[in-house]
Trainee: 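The structure under discussion is supplied below as structure tokens; questions concerning it will follow.
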Amino acid sequence: MRIVTAEQSREMDRVAIEERKIPSTDLMERAAAAVADEVMALMGDTPGRVVCFCGPGNNGGDGVACARLLLEAGFEVRCVLVGSHEKMTMDTRAMEAKLAAAGGKLEPFQPDDGAFAVWCLECGAMVDAIFGTGLRRGVEGDALTAIHMMNTCDIPVVSADMPSGVETDTGRVLGAAVEAAATVTFTLPKVGHFVGKGGLHTGKLVVADIGIPADLVNGADCPVCSVGEGEVRFPRRPLDAHKGDFGKCYILGGSVGYSGAPVLAAQAAVRSGAGLVTVGVPAPVWPVAAAKLEEAMPYPLPAGKEGQLSLEAGEAVHGRLDGCGVCLIGPGLGRGNGVSAVVRQLLREIHVPVVLDADGINALEGHIDVLDERKGLHTILTPHDGEFARLGGDLSGGDRLGEARRFAMEHGCCLVLKGHGTITAFPDGTAYVNTTGNPGMAKGGSGDVLSGIILSLLGQGMPARQAVPLAVWLHGAAGDLCAAEIGEYGMTPSDLVSALPRVIRTHME
Ligand SMILES: NC(=O)C1=CN([C@@H]2O[C@H](COP(=O)(O)OP(=O)(O)OC[C@H]3O[C@@H](n4cnc5c(N)ncnc54)[C@H](O)[C@@H]3O)[C@@H](O)[C@H]2O)[C@H](O)CC1
Ligand SMILES: [K+]
């Protein structure tokens, strides 16, 4: 699904209103109806008590119109203005008049009104229409109070367009933000619904069609998107296929104490459909890998006394790597100087696509030039925040998407910045935001599984632009299946591997 920025949303709005002559209040009424529908669904279509917190902008207008619709549907509604009446937009004033005509009232929000606070405690739901795509700066004053009130009442909140306090284009929380049970956005989702803290505040995301003409929606240039359910494809295999048709993959990883990482990566690669997977591990780790791996082919490499690859390993890698079409370097490799030097030398010598994870990424610390020398060759990095920071990534500003895209463009690589709402950024500035996954995946080994899936789909011939976002999606979808069947506490990365075939089968063409 394509994802738009605040500016793109405003531009679609403007063209629809000014050029296609669609009345802005029609758009607002449809937006309000979508929010009201979600409130009614939340309350089981049983009229009850609802409070609407409305800002002075058009987001507030959505809320005032929603209050009227709920009133007309038999709900007991109070609608409060959080902000100055003078700053109300024309459309929001029009909605205030319609609310009054329906017997309702837009009253000023009184933070110290205890009776109002008590009244709210009996609500079945709350509507958050304080800020939408127009949020410009940190939330303060009455808006801050209202947000805290919604977050502490233990009553489900339905946010209009954005959870108030979440910055549309980055997902940053500006001071404080509503923790929505559901967010009803309009036309297309926004970055802030998935990325950064915004992904934690959005709740269930509903994307409502409010009548923006399809050509405007489809014409929007969206450099950022998510892998939509309908876009997940695993083509059926030709009847006369053989194992060589589905990729010859190479994994370099493992060290004493970290023998499981390359094993998980290899198992994930096989379970995602790779035909042949060779695994180079330091000699002391080889018996463990050989005992655990049946389909993949582990073999021993020269190792130093600390159980990590030695400098001589580089030559031995080429012996088996040269016949492979794609390579993963890093799972469990360790960070000894010798290992990192071997990794950097291999990166200079290998000309097939390389997936770099964990200690493969750490080998670039202070040597980012090695990555830059691979511009034009496919290099896919899969760091978590700490590894990204060691590469020079700066997440201090909170703009994960912007920073991931900057890094990918600057270094000519594909960057998978893992976390809630994992971002896959490409050298041309386009990016995907992932919408699958859950906290049950926050366990050692989960990243090894992801790197194995990416390796596998690349090895099977999928272009990186398709393979990497799809692998991230598949990894999260397998995690969601495990969470549903086993629970977030007990699920393991090995369970993720076992779940992969069932998720893939569900999406076979
Ligand atoms: N895009 C569409 O198709 C439609 C969108 N609608 C809704 O309109 C809002 C956007 O409305 P806008 O008036 O531009 O801004 P907001 O209402 O989001 O912002 C409120 C207002 O508040 C001021 N402001 C910004 N930050 C702060 C702050 N921290 N403290 C105080 N005040 C602040 C700023 O000046 C804004 O004007 C969109 O989200 C939709 O909900 C249409 O209703 C339907 C079609
Ligand atoms: K809102």
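In what follows, every heavy atom counts, from backbone to side chain, and hydrogens, waters and symmetry copies are set aside. One-based numbering, in listed order, for ligands and for the atoms of each.
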Trainee: Checking side-chain hydrogen bond (donor to acceptor under 3.5 Å, both in side chains) against N58, which of D13, T133, T89 comes through?
Mentor: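 It is T89; the other options fail the test.
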Trainee: Would you confirm whether any non-hydrogen atom of the protein falls under 4.0 Å from atom 37 (O) of ligand 1?
Mentor: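 Not a single protein heavy atom is under 4.0 Å away.
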Trainee: For atom 10 (C) of ligand 1, which of the options L188, I130, T133 provides the nearest non-hydrogen atom?
Mentor: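 Ranked by closest heavy atom to atom 10 (C) of ligand 1, first place is T133.
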Trainee: Just how far is it from atom CG of D62 to atom CE of M28, taken to the nearest 0.5 Å?
Mentor: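 The distance works out to 5.0 Å.
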Trainee: Is there an N/O/S atom in A129 that lies less than 3.4 Å from the K ion (ligand 2)?
Mentor: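 Not a single backbone or side-chain N, O or S atom of A129 is under 3.4 Å from the K ion (ligand 2).
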Trainee: State the atoms of ligand 1, each with its element, that fall below the 4.0 Å cut-off from a heavy-atom position in R136.
Mentor: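 Contacts of ligand 1 toward R136, numbered from 1: 25 (C), 26 (N).
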Trainee: Let me confirm one number: the CG-CG distance from L381 to L364, rounded to the nearest 0.5 Å.
Mentor: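 Reported to 0.5 Å precision, the distance equals 6.0 Å.
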Trainee: Looking only at protein heavy atoms, which one is nearest to atom 9 (C) of ligand 1, and how far off is it?
Mentor: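 So the nearest neighbour among protein heavy atoms is N59 N, 3.6 Å.
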Trainee: Within a distance under 4.0 Å of any heavy atom of F186, pick out the atoms of ligand 1 and give their elements.
Mentor: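 In order of numbering, the contacting atoms are 40 (C), 41 (O).
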Trainee: Could you state the interatomic distance from CG (L135) to CE (M162), rounded to the nearest 0.5 Å?
Mentor: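 Nearest 0.5 Å value for the CG-CE distance: 8.5 Å.
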Trainee: So is G134 polar-close to ligand 1, meaning N/O to N/O under 3.5 Å?
Mentor: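 For ligand 1, there is an N or O atom that lies under 3.5 Å from one belonging to G134.
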Trainee: Taking non-hydrogen atoms only, is I210 closer than 4.0 angstrom to ligand 1 via side chain, backbone, both or neither?
Mentor: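 The answer is the side chain of I210.
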Trainee: Checking only N/O/S atoms, does S159 have one that is under 3.4 Å from the K ion (ligand 2)?
Mentor: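 So S159 does not bind the K ion (ligand 2) by this criterion.
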Trainee: With a cut-off of 3.4 Å, does V178 put an N/O/S atom close enough to the K ion (ligand 2)?
Mentor: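 Here the distance criterion (N, O or S atom, under 3.4 Å) is not met by V178, so no.
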Trainee: For ligand 1, find out whether one of its N or O atoms is nearer than 3.5 Å to an N or O atom of R10.
Mentor: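 No, R10 has no N/O under 3.5 Å of an N/O on ligand 1.
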Trainee: Do any N/O/S atoms of D161 come under 3.4 Å of the K ion (ligand 2)?
Mentor: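 It does not; every qualifying atom lies at 3.4 Å or beyond.
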Trainee: Is there any N or O on G138 that sits under 3.5 Å from an N or O of ligand 1?
Mentor: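 So ligand 1 has an N or O lying under 3.5 Å from an N or O of G138.
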Trainee: What residue and heavy atom of the protein are closest to atom 33 (C) of ligand 1, and at what distance?
Mentor: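 Of every protein heavy atom, F131 CE2, 3.4 Å lies nearest to atom 33 (C) of ligand 1.
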Trainee: Within rounding of 10°, what is the angle whose vertex is the K ion (ligand 2) and whose arms end at OD2 of D128 and OG of S164?
Mentor: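 Between OD2 of D128 and OG of S164, the angle at the K ion (ligand 2) is about 60°.
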Trainee: To the nearest 0.5 Å, how far apart are OG1 in T25 and CE in M95?
Mentor: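 With rounding to 0.5 Å, OG1 (T25) is 5.0 Å from CE (M95).
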Trainee: Would you mind running through ligand 1 and noting each atom that sits below 4.0 Å from a heavy atom of S9?
Mentor: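 Heavy-atom distances to S9 below 4.0 Å select 1 (N).
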Trainee: Would you say C79 and L99 make side-chain contact, with heavy atoms under 4.5 Å?
Mentor: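 Yes, at least one pair of side-chain atoms sits under 4.5 Å.
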Trainee: Distance check below 3.4 Å: does T183 bring an N, O or S atom to the K ion (ligand 2)?
Mentor: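 It does not: T183 brings no N, O or S atom closer than 3.4 Å to the K ion (ligand 2).
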Trainee: Indicate yes or no: does an N/O atom of G132 lie under 3.5 Å from an N/O atom of ligand 1?
Mentor: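 Such a contact does occur with ligand 1.
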Trainee: Considering only protein heavy atoms, which is closest to atom 4 (C) of ligand 1, and at what distance to one decimal place?
Mentor: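 Nearest protein contact, heavy atoms only, for atom 4 (C) of ligand 1 is D13 OD2, 3.4 Å.
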Trainee: What I want to find out is whether D209 reaches R30 closely enough, with some N-O distance under 4.0 Å, to be called a salt bridge.
Mentor: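 Salt bridge absent between D209 and R30.
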Trainee: Check whether any N or O atom of D62, backbone or side chain, sits under 3.5 Å from an N or O atom of ligand 1, and answer yes or no.
Mentor: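 Yes, at least one N or O pair falls under 3.5 Å.
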Trainee: To the closest 0.5 Å, what do you measure between OG1 (T185) and CD1 (I3)?
Mentor: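 That separation rounds to 11.0 Å.
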Trainee: Quick one: sort the F116 and W119 rings into parallel, tilted or perpendicular, breaks at 30° and 60°.
Mentor: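 Because their plane-to-plane angle is under 30°, the rings of F116 and W119 count as parallel.
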Trainee: Please confirm whether G55 approaches ligand 1 to less than 4.0 Å, judged on its heavy atoms.
Mentor: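 No; G55 lies far enough from ligand 1 that no heavy-atom distance drops under 4.0 Å.
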Trainee: Would you verify that at least one protein heavy atom lies under 4.0 Å from atom 16 (P) of ligand 1, or report that none does?
Mentor: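 Flag for atom 16 (P) of ligand 1 set to true, protein heavy atom closer than 4.0 Å.
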Trainee: From the options P163, S164, S159, select the one residue that forms a side-chain contact (heavy atoms from CB on, under 4.5 Å) with H201.
Mentor: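 Among P163, S164, S159, the one meeting side-chain contact (heavy atoms from CB on, under 4.5 Å) with H201 is P163.
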Trainee: For E485, give me all partners under side-chain hydrogen bond (donor to acceptor under 3.5 Å, both in side chains), at least two apart in sequence or on another chain.
Mentor: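 side-chain hydrogen bond (donor to acceptor under 3.5 Å, both in side chains) list for E485, sorted by chain: R502.
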Trainee: If you take the nearest heavy atom of each of V82, D161, N58, L174, which one is closest to atom 13 (O) of ligand 1?
Mentor: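 Nearest option to atom 13 (O) of ligand 1, by heavy atoms: N58.
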Trainee: Please step through ring-ring contact (aromatic ring centres under 6.0 Å, His included) for the pair H384 and F388, ending with a clear verdict.
Mentor: CA-CA 6 Å; H384 53 58; F388 186 51; over 10 Å; no
Trainee: Could you grab the distance from atom CG of D128 to atom SG of C66, nearest 0.5 Å is fine?
Mentor: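 That separation rounds to 11.0 Å.
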Trainee: Check this for me: does any side-chain nitrogen of one of E19 and R14 sit under 4.0 Å from a carboxylate oxygen of the other?
Mentor: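 Here E19 pairs with R14 in a salt bridge, since their nearest N and O are under 4.0 Å apart.
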Trainee: In terms of residue, atom name and distance, what is the protein heavy atom nearest to atom 29 (N) of ligand 1?
Mentor: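 Nearest protein contact, heavy atoms only, for atom 29 (N) of ligand 1 is R137 O, 2.9 Å.
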